[in-house]
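One structure is given here, and the rest of the page talks about it.
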Amino acid sequence: MEIPKTYDPKITEDKWYAHWQKHKFFKSTPDKREPYTIVIPPPNVTGVLHMGHMLNNTIQDVLIRMKRMQGYNACWVPGTDHASIATEAKVVALLKEKGIKKSDLTREEFLKYAWEWKDKYGGIILKQLEKLGASCDWDRTRFTMEDDLSEAVIDVFIDLHAKGQIYRGVRMVNWDPQGLTAVSDEEVIHKEVNSKLYYVKYKIENSEPTEYITIATTRPETILGDTAICVHPEDERYKHLKGKRVLVPIINRSVPVIFDDYIDIEFGTGALKVTPAHDINDYNLGVKHGLEVIDTIAADGKMSEAAQFYVGEDRFAVRKKIAKDLDEMGLIVKVEDIKNKVGYSERTDAVIEPKLSMQWFLKMDTISKPALENVLNGEIKLIPEKFTNTYKHWMENVHDWCISRQLWWGQQIPAWYDNKGNTVVCKTKEEALIKLRVKNLELRVEDVKQDEDVLDTWFSSWLWPISVFDGFKNPDGEDIRYYYPTNDLVTAPEILFFWVARMIIAGYEFITPDEKEHQRKISKKELSIYNPKGAKPFTNVYLTGIVRDKQGRKMSKSLGNSPDPIELIEKYGADGVRVGMLLCSPAGNDLPFDESMCEQGRNFSNKIWNAFRLINGWEVNPDGKQSEASKISVEWFDAKFNEQLNLINDLYSKYRMSEALMTTYKLVWDDFCAWYLEMIKPEFVDGKSLPIDKATYDATIIFFEKILKVLHPFMPFITEEIWHLIAERKEKDCIIVAEWPIAVKENTAILKDFEVVMEVISNIRTIRKQKNISPKEKLKVFEKVNQGEIIKSYDGIIIKLCNLSSFEYVNQKVDGALSFVLKHAEFYVPISQNIDIEVEKERLAKDLEYNKGFLKSVEIKLSNEKFVANAKPEMIANEKKKQADAEAKIKAIEEQLMSLS
RNA sequence: GGGAGCUUAGCUCAGCUGGUUCAGAGCAUCGCCCUUACAAGGCGAGGGUCACUGGUUCGAACCCAGUAGCUCCCA
């Protein structure tokens with residue numbers, strides 16, 4: 001059968017993925033083995049795969065495949081997130097296209113559309129992960145809004161409410177006027193923008209008509225909601241205003257002048273207009289000074305009735321209009337261009353309005369304590385470590401978490417209200433009725449209303465590592481006990497607080513590792529799960545970088561700068577894309593994406609493929625005698641492999657994935673293909689390859705299998721394909737479940753010897769290149785050993801790799817030959833063409849100069865009394881050796897120079 | 001405004017406890033080669049004042065201080 005020259009991923013990928021699925025290799029059930037568990041960061045259920053997912057999931061798959069091969073019971077739990085704001089926005093947009101307004105629908109009707117949408121598009125992203133080769137246990141696929149998980153969310157809410165951790169109140173929240181919902185602090189992105197700073201005159205009440213105080217504001221549209229002017233108590237400019245009132249322009253409302261050292265005297269005019277309804281700092285001032293709150297901007301970002309002017313117009317339109325009107329009234333002193341930070345909604349990119357509203361909050365002060373402690377004490381490790389600082393800073397300054405969202409898609413808050421302002425928190429309407437009747441005897445069931453809002457999506461995803469193992473539903477279940485705590489979490493630093501920190505909080509809140517403590521909690525009827533292995537949700541958090549385009553911009557749909565991962569896979573193969581991404585993305589570093597990286601990955605696939613073709617094409621002679629050169633080549637590669645495997649294992653243990661891959665890459669490409677295979681490759685005689693001896697062949701097959709295993713986590717498809725082509729195997733004998741090679745201590749002596757051999761080979765090749773000698777022309781080489789004993793074992797290899805007719809040892813210099821000097825010996829290469837003596841002399845002189853310089857630096861060091869006194873003895877011995885070597889080499893070069901002249 | 005981090009070859013990054021000629025890797029670049037595994041390849045070559053300025057030290061890419069630039073987080 002003719003094997004194609006290039007590897008074609010198209011014919012292998014789907015085949016092997018189906019094969020793995022068929023034999024349930026991804027499936028995990030608790031058993032006697034040690035578990036290794038990862039829960040996927042659940043992507044948005046209606047999302048499609050982007051490059052960030054690719055990177056993220058590749059890393060997870062590499063980890064899970066390696067651990068699977070190492071004999072762990074590897075379990076990777078997949079699933080999706082209901083992503084309330086994002087999904088609801090998509091559904092609203094889709095309905096709009098159909099001419100349906102959300103406001104015309106009932107909650108039930110809307111949710112019906114949303115579920116339809118979810119059912120239609122919900123599976124896409126998971127299907128795409130299959131293309132990447134993700135070896136998730138698909139039987140375990142979960143969704144944050146499925147019944148069991150939603151029930152857990154509701155129970156947790158009720159539990160935390162009962163513990164007094166959840167409260168409802170009017171607070172200043174971040175309001176998204178487009179999504180029409182509150183969002184948490186973490187969902188606000190502050191961007192620096194160009195703004196205008198307006199200097200506006202406010203008339204002093206009961207004073208001369210010419211008397212004004214000038215304030216500076218970037219938001220003149222909020223003037224209508226002003227309820228005070230604030231200045232610094234120490235500010236000499238305004239001391240005379242004590243006890244005075246000013247008139248708010250346009251609306252002519254009389255408001256007091258208040259004094260507070262919150263004011264920055266330097267900024268603007270040192271006078272601040274106070275709008276408690278529309279700025280968090282103003283709100284705090286308002287609370288402190290007992291100011292009136294006038295909410296002039298409605299939920300949709302348009303001016304409300306309370307504004308009295310410009311009612312119904314958008315705030316940004318009003319900003320321009322009001323500036324113009326003020327100017328016409330002669331109240332604008334000046335307008336400056338400034339840069340300031342403005343908050344945008346993470347989901348809708350609308351400008352966030354600080355807005356007072358009634359929301360539900362989770363107290364964070366005490367509940368977050370163990371989550372901070374256990375990261376600081378190393379119980380949970382962030383990789384790279386630098387994120388620990390950021391984490392600490394956030395956790396020490398954490399605010400209460402606004403968990404209600406004015407949306408329909410999500411878990412509806414289990415709070416119930418009667419018609420008299422009573423509230424209870426419980427699971428069902430029936431329960432609520434009973435509870436409410438205690439206070440409200442006449443209450444009828446129709447008058448019991450559930451809170452309209454849903455919970456923040458993160459209020460469900462923070463339970464993910466517990467709920468995917470049914471920890472809440474079945475707290476003593478085998479799954480939660482076996483798989484929890486999970487091992488590694490792979491995610492983006494952007495969601496360190498949104499998600500990672502909160503999962504840790506949830507772990508310590510709901511899981512108790514202590515049986516007695518658990519019993520105590522049970523008697524108190526708190527929600528609690530006993531897991532002897534610990535409360536933390538995971539041990540290691542691997543934080544990936546952000547995938548950026550060549551210009552360093554974050555890849556995003558709106559910019560259209562993100563390649564379609566599926567197209568990339570079709571073009572370069574899943575293995576190629578995986579390798580491309582991993583090659584240059586150390587943990588925590590951004591990944592500037594360039595397609596050429598995938599090309600490198602694809603080329604690597606091809607290299608492996610061709611190594612297979614070469615080996616596969618050999619005819620084996622069962623009686624053939626193994627040459628000395630082959631024998632030692634086998635010994636060398638065995639040592640090399642072990643050396644590199646030890647290194648690779650070590651890099652994995654430090655989560656240095658890029659480096660583990662690069663080391664593997666070089667092991668395969670350089671050591672195995674470029675050196676080993678060239679060394680043992682049978683010779684070509686009369687247009688035909690000679691057969692290979694069995695001993696070398698068998699060793700080579702074993703090496704190749706080991707190499708395929710080490711490659712497998714990175715390149716699952718090609719390795720599985722070759723695994724089955726290289727030997728007869730049973731259906732279930734797959735590399736995905738093969739054993740990871742065992743690393744033994746390598747033979748360092750042979751590796752050291754080989755470094756010299758390689759140097760010799762490289763020197764001879766360089767001479768060939770420099771003198772333009774055809775690779776086909778056989779050369780003679782002579783070696784004059786000056787130091788140490790003659791080791792002939794490697795001669796065969798040198799002869800083969802340099803295409804020599806002979807390699808001989810001499811005691812004298814060889815005249816009329818090119819030469820090079822190594823530490824221990826001189827080498828002579830006679831060539832047919834004339835030798836340009838001047839060129840040679842120049843070359844040798846350069847070499848001599850270099851070595852003399854080196855010797856000098858060593859001698860300076862050794863003659864330095866302080867060095868000799870302070871340096872470690874090994875260091876001094878080493879310097880002495882360097883000195884001796886350099887002296888020997890200088891001597892040899894000088895002799896050669898003499899012989900040339 | 002507060003905090004964290006980064007700056008090493010054209011690009012992306014290693015460089016551990018200061019000590020080998022320690023300045024490295026991959027890619028890219030430049031030569032030569034279509035040598036029966038692979039041109040998606042082979043062989044070879046060039047390329048860096050380790051951001052800058054000082055300091056500590058026998059010795060600094062590495063430790064310290066300052067300066068500049070960049071990034072991120074928080075307000």
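Because the structure is a prediction, the values reported are computed rather than measured. Here is how names work: the chains are called A, B, and so on, in the same order as the sequence lines, proteins then strands, and each is numbered from 1.
Closest to the side chain of A:Thr766, out of B:A45, B:U21, B:U35, is B:A45. Each of B:C73, B:C38, B:U20 was ranked by its minimum atom distance to the side chain of A:Lys5; first place goes to B:C38. Of the candidate nucleotides B:U21, B:G26, B:A40, B:G26 has the atom lying nearest to any side-chain atom of A:Gln600. Side-chain proximity of A:Lys666 to B:A75, B:A40, B:A25: nearest is B:A25. With distances taken from any side-chain atom of A:Lys386 to the nucleotides B:G2, B:C38, B:G5, the minimum falls on B:G5. Candidate nucleotides B:C38, B:A40, B:A4 were compared by shortest atom distance to the side chain of A:Asn389, and B:A4 ranks first. For A:Tyr665, whose side chain is taken as the heavy atoms from C-beta onward, the closest listed nucleotide among B:C27, B:U20, B:C38 is B:C27. If you check B:C38, B:G44, B:G19 against the side chain of A:Phe867, the one that comes closest is B:G19. In the set B:A40, B:U12, B:C74, the nucleotide with an atom closest to the side chain of A:His393 is B:C74. Listed nucleotides B:A37, B:A75, B:C74 differ in distance to A:Phe497; the shortest reach to its side chain belongs to B:C74.
Across the C1' atoms, B:G48 and B:C13 are found 14 Å apart, a figure rounded to whole Å. Nucleotides B:U8 and B:C62 are separated by 12 Å at their C1' atoms, to the nearest Å. To the nearest whole angstrom, the two C1' atoms, one in B:A51 and one in B:A9, are 15 Å apart. Separation of the C1' atoms belonging to B:G5 and B:U29 is 32 Å when rounded to the nearest angstrom. When the C1' atom is compared between B:A75 and B:G19, the two are found 46 Å apart, to the nearest whole Å. Rounded to whole Å, the separation between the P atoms of B:C50 and B:G24 comes to 13 Å. Straight-line distance between the P atoms of B:U49 and B:A4: roughly 32 Å, to the nearest whole Å. Spacing between B:U53 and B:A60 at atom P, rounded to whole Å, works out to 15 Å.
Between A:Glu643 and A:Lys640 there is a salt bridge, with a side-chain nitrogen of the basic residue lying less than 4.0 Å from a carboxylate oxygen of the acidic one. Ion pair A:Lys392/A:Glu396 flagged as a salt bridge, since at least one NZ, NE, NH1 or NH2 atom sits closer than 4.0 Å to an Asp/Glu carboxylate oxygen. Ionic pairing of A:Arg219 and A:Glu353 is present here: one or more N-O contacts between side-chain nitrogen and carboxylate oxygen are shorter than 4.0 angstrom. Salt-bridge check for A:Lys771 with A:Glu840: passed, with a basic side-chain N closer than 4.0 Å to an acidic carboxylate O. Here A:Glu678 pairs with A:Lys681 in a salt bridge; the nearest charged N to carboxylate O distance falls below 4.0 Å.
Put simply, CE on A:Met758 is 11 Å from P on B:C43, counting in whole angstrom units. Spacing between atom CZ of A:Arg602 and atom P of B:G41 amounts to 8 Å, rounded to whole angstrom units. To the nearest angstrom, C1' of B:A75 lies 8 Å from NE2 of A:His399. Between the CE atom of A:Met657 and the P atom of B:G26 there is a distance of 21 Å, rounded to whole Å. Between A:Ile773 atom CD1 and B:U35 atom C1' the separation is 16 Å, expressed in whole Å. As rounded to whole Å, 19 Å separates atom P of B:A4 from atom CE of A:Met395. In this entry the distance linking CG of A:Asp670 with C1' of B:G42 reads 12 Å, nearest Å. Counting to the nearest Å, the P atom of B:G5 and the CG atom of A:Leu543 are 16 Å from each other.
Neither OP1 nor OP2 of B:G3 sits under 4.0 Å from any side-chain N or O of A:Lys392. Close to B:C32, at under 4.0 Å from its OP1 or OP2, lies no side-chain N or O of A:Lys769. A:Arg656 has a side-chain polar atom (N or O) that falls below the 4.0 Å cut-off from OP1 or OP2 of B:G15. For B:G42, one of the phosphate oxygens OP1 or OP2 lies less than 4.0 angstrom from a side-chain nitrogen or oxygen of A:Trp669. Between A:Tyr391 and B:C73, a side-chain N or O to OP1/OP2 separation shorter than 4.0 Å is absent. Not one side-chain nitrogen or oxygen of A:Asn616 sits closer than 4.0 Å to the OP1 or OP2 atom of B:A37. Applying the 4.0 Å criterion to OP1 and OP2 of B:A37, one finds that A:Lys681 has a side-chain N or O inside that range. Considering only side-chain N and O atoms, A:Lys776 lies nowhere under 4.0 angstrom from the phosphate OP1 or OP2 of B:C33.
Proximity of the aromatic rings of A:Trp609 and A:Phe612 is defined here by a centroid distance below 6.0 angstrom, and this criterion is met. Taking the ring centroids of A:Phe704 and A:Phe672, they lie under the 6.0 Å cut-off.
Of the possible donor and acceptor atoms, one in the side chain of A:Ser805 sits under 3.5 Å from a partner among the backbone N and O of A:Leu779. Using modelled atom types, no side-chain atom of A:Asn174 and backbone atom of A:Pro354 make a donor-acceptor pair closer than 3.5 Å.
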(request) Whenever both distances are under 3.5 Å in a Watson-Crick or G-U wobble pair, mark it; put RNA chain B into dot-bracket that way, with [ ] for crossing pairs and | when the partner is on another strand. (result) (((((((..((((.....[....)))).(((((.......))))).....(((((..]....)))))))))))).
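Judged by ring centres under 5.5 Å apart and planes tilted less than 30 degrees, A:Phe854 stacks against the six-membered base ring of B:U21. Centre separation under 5.5 Å together with a plane angle under 30° does not hold for the ring of A:Phe684 and the six-membered base ring of B:U36, so they are not marked as stacked.
Looking at which nucleotide of RNA chain B each of A:Lys866 and A:Ala611 is closest to, the 5′-most match is held by A:Ala611. Nearest-nucleotide positions on RNA chain B for A:Trp394 and A:Asn851 put A:Asn851 closer to the 5' end.
For A:Glu678 and B:A37, a side-chain-to-base donor-acceptor distance below 3.5 Å is present, hydrogens and geometry of angles not being considered.
No option in A:Lys881, A:Lys889, A:Lys882 other than A:Lys881 meets the side-chain hydrogen bond (donor to acceptor under 3.5 Å, both in side chains) test with A:Asp885.
Among the atoms of the strands shown, base atoms are found under 4.0 Å from some heavy atom of A:Tyr850.
Nearest heavy atoms, A:Pro691 versus A:Val620: CB-C, 4.4 Å.
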